[in-house]
Amino acid sequence: MTLWRSGPQSVSVYLQPMPYEWSSPPEHAQLCAKSSHQPGLRLSLSAHNALSREGFAGFIGATAGLMAVPLLAFLGHTVLWVIAAALGSALCAIWLALKASWRRGQVREEFELWSDLAVLRRINPNGQLQEWRANPYWVEVQISKDDGPVPQYLTLRGGGRVVEIGAFLSEDERPVLATDLQLAFLNAARHG
């Protein structure tokens with residue numbers, strides 16, 4: 001998680017952890033041509049999941065335990081099986097809904113930057129890969145306050161296309177990422 005963000009005069013300012021991680025500060029990365037094979041700068045973005053695997057298992061276990069408590073009042077009665085079936089169905093529905101939500105949150109984006117090439121890869125939850133390439137000198141970082149599908153809609157324009165980046169980030173996180181991306185592209189232009 002990125003714990004820093006560039007401030008004025010290239011001073012590091014510590015903020016809350018962000019759901020993305022730079023390989024090095026964008027304005028200080030040593031960028032070289034693509035022929036070197038190693039990008040000078042990498043950015044990994046991933047959607048935030050509130051529950052880890054252990055948290056998911058713990059929540060389902062605690063919910064099942066709490067749902068079992070009312071069943072104790074019906075021990076020895078035939079209505080126990082009706083109530084147990086209803087509670088079991090409710091627990092199964094909760095499990096399926098959380099699992100579907102967790103699977104949708106498994107989207108990742110990877111950005112790599114050289115002095116002569118920018119590459120953005122999006123790995124969707126179903127494994128589908130989308131890729132965008134452009135010359136960083138001509139890339140424009142755009143943030144639309146109200147014109148996009150979400151507030152603070154962040155896009156990159158270049159290579160004949162406009163692509164979104166960090167759509168799963170919060171409204172407050174996208175402008176911070178936009179600033180970092182602008183610094184990265186300025187750095188690439190200096191080394192290009």
Side-chain angles (χ1 to χ4, degrees), residues 1-5 13-23 26 41-112 119-132 141-156 161-181:
M1 295 276 195
T2 299
L3 294 174
W4 57 270
R5 179 185 161 289
V13 178
Y14 288 88
L15 299 173
Q16 294 177 332
M18 300 299 255
Y20 60 83
E21 182 178 346
W22 289 99
S23 59
L41 191 59
R42 282 194 174 113
L43 169 66
S44 298
L45 299 106
S46 58
H48 176 71
N49 278 318
L51 285 177
S52 64
R53 289 184 189 273
E54 295 80 19
F56 178 81
F59 177 78
I60 293 297
T63 303
L66 290 172
M67 287 178 144
V69 170
L71 293 178
L72 297 176
F74 296 101
L75 287 176
H77 295 81
T78 54
V79 75
L80 170 74
W81 298 109
V82 174
I83 296 171
L87 291 176
S89 297
L91 183 64
C92 184
I94 291 169
W95 184 83
L96 290 172
L98 284 174
K99 198 70 169 170
S101 173
W102 197 65
R103 218 174 293 119
R104 275 193 304 274
Q106 294 299 309
V107 64
R108 284 187 351 259
E109 291 178 350
E110 296 170 357
F111 175 75
E112 296 178 329
V119 178
L120 176 64
R121 290 182 194 90
R122 179 183 171 101
I123 300 96
N124 292 310
N126 63 1
Q128 178 191 16
L129 176 70
Q130 296 172 297
E131 188 172 279
W132 168 84
V141 179
Q142 298 177 323
I143 190 153
S144 303
K145 298 217 184 288
D146 299 316
D147 293 340
V150 294
Q152 305 292 347
Y153 187 59
L154 179 58
T155 58
L156 301 175
R161 291 176 44 202
V162 176
V163 295
E164 69 180 347
I165 183 169
F168 45 79
L169 298 176
S170 74
E171 184 178 341
D172 296 331
E173 293 166 340
R174 285 188 288 271
V176 174
L177 178 59
T179 301
D180 287 346
L181 285 168

Using atom types as modelled, flag every donor-acceptor pair under 3.5 Å from a side chain in residues 59-78 to any protein atom, sequence neighbours excluded.
unit_1	atom_1	unit_2	atom_2	d
Thr63	OG1	Phe59	O	2.8
His77	ND1	Leu75	O	3.4

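Interatomic distance, CD1 of Ile94 versus NZ of Lys99, reported as 15.0 Å (0.5 Å rounding). A distance of 10.0 Å separates CG of Leu45 from CZ of Arg122, quoted to the nearest 0.5 Å. With rounding to the nearest 0.5 Å, the separation of CD in Glu164 from CH2 in Trp132 is 13.0 Å. Rounding to the nearest 0.5 Å gives a distance of 4.5 Å between CG of Leu120 and CD1 of Ile165. Once rounded to the nearest 0.5 Å, the distance linking CH2 of Trp22 with CG of Leu177 reads 6.5 Å.
Checked against side-chain contact (heavy atoms from CB on, under 4.5 Å), Val150 has the following partners two or more places apart in sequence or in another chain: Tyr153, Arg174. Partners of Ser89 under the side-chain hydrogen bond (donor to acceptor under 3.5 Å, both in side chains) rule, at least two apart in sequence or in another chain, do not exist in this structure. Under the side-chain contact (heavy atoms from CB on, under 4.5 Å) criterion, Ala178 pairs with Val141, Ile143, Leu154, not counting sequence neighbours. Every salt bridge (charged side-chain N to carboxylate O under 4.0 Å, His left out) that Glu112 has, sequence neighbours left out, goes to Arg42, Arg121. With sequence neighbours left out, the side-chain hydrogen bond (donor to acceptor under 3.5 Å, both in side chains) criterion links Ser144 to no other residue.
Considering only heavy atoms from C-beta on, Tyr20 stays 4.5 Å or farther from Glu109 through its side chain. In this structure the side chain of Pro26 never reaches within 4.5 angstrom of the side chain of Leu181, judged on heavy atoms.
Classified by interplanar angle (parallel below 30°, tilted 30° to 60°, perpendicular above 60°), the ring pair Trp95/Phe56 is tilted.
In this structure, the side chain of Asn124 does not engage the main chain of Asn126 through any donor-acceptor pair within 3.5 Å.
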